[in-house]
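For reference, the structure is listed below as structure tokens.
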Amino acid sequence: MLAGASGALLAWLVCMAGALVRPTAPARLAVRRAADAVTVAAREASPGAGASAVAAREASRGAGASAAVAREASHGRDAAPGARPTDAASPVPSRHAARAARLAVARARDVLADDASWRLPRGAVPALARELDEIERALDALGVPRDGTAAPVRTSLTAQARSRVRGPWRLATARVGISGLVAGGVAAVAGLGHAAWATMGSTAVLQGESARHAVVRALQRGAGTVAGALLAWPLLAAPLGFWGTAAVVVVLQTVTETIVGRHYGLAMLTITPMALLMTSLAHPADPAGLALDRALDTVLGAAVGVLAVVLVHPRTRPRARENPGTAR
């Protein structure tokens with residue numbers, strides 16, 4: 001238990017190292033990418049304005065440099081003295097470059113909104129927001145229209161958790177928990193050797209997006225597991241040894257990764273032998289009994305999962321009936 005807790009703590013520290021050491025790095029990177037996108041747009045609008053590239057890249061490196069983006073982005077766009085406004089050349093970037101620049105700016109706005117809702121990087125948000133405003137004004141000077149969307153607003157994690165307490169997740173959580181307990185309990189009472197497999201079978205079925213998808217998933221998992229258990233039986237009985245079993249598991253894992261995204265039922269033909277072989281390495285058991293337990297537990301779990309989908313499925317409001325007078 002101590003080793004597991006230490007490993008979990010180490011993994012958490014590795015994953016959170018960036019946020020703990022330099023929490024403002026994502027926002028600074030997003031602002032810099034926005035400046036680079038404006039640079040590309042400025043080059044297409046004014047190919048001769050080489051200084052705009054340098055100025056745009058410097059926009060995210062310090063205060064004051066972003067003002068140069070606006071000055072350089074409009075380089076060459078002013079009309080000659082005495083010329084009428086209609087005589088001034090108005091080169092604009094391509095649609096692709098303009099859209100990429102606007103998307104980069106919008107992405108930077110999202111990142112800044114996230115940082116504004118968190119205490120650690122919140123202090124750097126105002127300065128980065130001013131730089132991003134200068135970058136967006138430079139994009140306006142290039143004649144790229146704005147999309148008109150409002151700046152995103154984020155709330156704290158505590159506020160989000162409070163607002164989602166009464167969300168739709170409660171029904172799904174209850175359905176998964178109840179079906180898992182029922183499937184495991186029935187398997188234990190029936191004397192099956194691995195009740196956890198029944199729990200896994202029921203929860204896997206409940207991952208379907210709809211009742212029809214869940215039923216199809218249950219059929220695929222049940223039939224695929226039964227066929228996979230039949231394939232695993234001779235492999236479990238064969239004297240493969242440790243390294244032979246490990247080699248077969250690697251081959252099965254490779255095949256599984258290839259087909260699991262295409263057909264869930266076919267993937268169970270390789271997932272089942274792989275799981276049973278790994279189980280036999282840790283706890284050797286009778287091959288026939290192990291394969292039979294896997295098949296029966298999984299079929300039981302799939303059946304309980306289907307019952308949970310049918311009996312505890314969220315109801316949708318009936319659609320308003322179409323007015324007979326407007327029907328064609």
Side-chain angles (χ1 to χ4, degrees), residues 4 7-8 11 172 175-188 190-310:
R175 189 169 59 185
V176 170
I178 293 174
S179 64
L181 290 175
V182 171
V186 172
L192 300 179
H194 298 79
W197 287 343
T199 301
M200 292 171 53
S202 64
T203 56
V205 168
L206 295 175
Q207 305 306 314
E209 299 176 355
S210 61
R212 179 180 180 276
H213 187 196
V215 172
V216 172
R217 191 178 179 89
L219 293 175
Q220 291 178 344
R221 187 174 182 88
T225 299
V226 172
L230 293 176
L231 294 177
W233 191 347
L235 292 176
L236 293 171
L240 298 177
F242 175 81
W243 294 110
T245 303
V248 174
V249 168
V250 170
V251 173
L252 293 174
Q253 177 68 31
T254 304
V255 177
T256 299
E257 295 296 335
T258 303
I259 64 177
V260 68
R262 301 181 180 180
H263 197 285
Y264 183 66
L266 291 178
M268 296 308 302
L269 295 177
T270 56
I271 292 175
T272 302
M274 179 175 59
L276 293 179
L277 287 174
M278 290 189 294
T279 302
S280 67
L281 286 178
H283 302 284
D286 176 57
L290 192 62
L292 182 61
D293 282 348
R294 179 74 178 193
L296 293 178
D297 283 325
T298 302
V299 171
L300 173 62
V304 172
V306 170
L307 289 177
V309 170
V310 174

Are any side-chain N or O atoms of [X] and backbone N or O atoms of [Y], one a donor and one an acceptor, separated by less than 3.5 Å?
{"X": "S179", "Y": "V176", "result": "yes"}
{"X": "T203", "Y": "M200", "result": "yes"}
{"X": "R217", "Y": "A204", "result": "yes"}
{"X": "H194", "Y": "A196", "result": "no"}

So which atom in [X] and which in [Y] form the shortest heavy-atom distance, rounded to 0.1 Å?
{"X": "V306", "Y": "A218", "result": "CG2-CB, 3.3 Å"}
{"X": "L269", "Y": "G224", "result": "CD2-O, 3.7 Å"}
{"X": "T199", "Y": "G180", "result": "OG1-O, 3.2 Å"}
{"X": "L266", "Y": "H263", "result": "N-ND1, 3.1 Å"}
{"X": "A195", "Y": "D297", "result": "N-OD2, 4.3 Å"}

Query raised in the report: Which residue pairs pass the side-chain hydrogen bond (donor to acceptor under 3.5 Å, both in side chains) test with at least one member in residues 270-291, sequence neighbours excluded?
Result: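 Qualifying pairs, neighbours excluded: T256-T270.
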From [X] [atom1] over to [Y] [atom2], what is the distance, rounded to the nearest 0.5 angstrom?
{"X": "D293", "Y": "L300", "atom1": "CG", "atom2": "CG", "value": "11.5 Å"}
{"X": "L236", "Y": "T245", "atom1": "CG", "atom2": "OG1", "value": "8.5 Å"}
{"X": "M268", "Y": "I259", "atom1": "CE", "atom2": "CD1", "value": "10.5 Å"}
{"X": "S202", "Y": "L181", "atom1": "OG", "atom2": "CG", "value": "9.0 Å"}
{"X": "L276", "Y": "L281", "atom1": "CG", "atom2": "CG", "value": "11.0 Å"}

Minimum side-chain heavy-atom gap [X]-[Y] below 4.5 Å:
{"X": "L231", "Y": "L235", "answer": "no"}
{"X": "V182", "Y": "L307", "answer": "no"}
{"X": "V215", "Y": "V309", "answer": "no"}
{"X": "Q253", "Y": "M274", "answer": "yes"}
{"X": "V186", "Y": "V304", "answer": "no"}

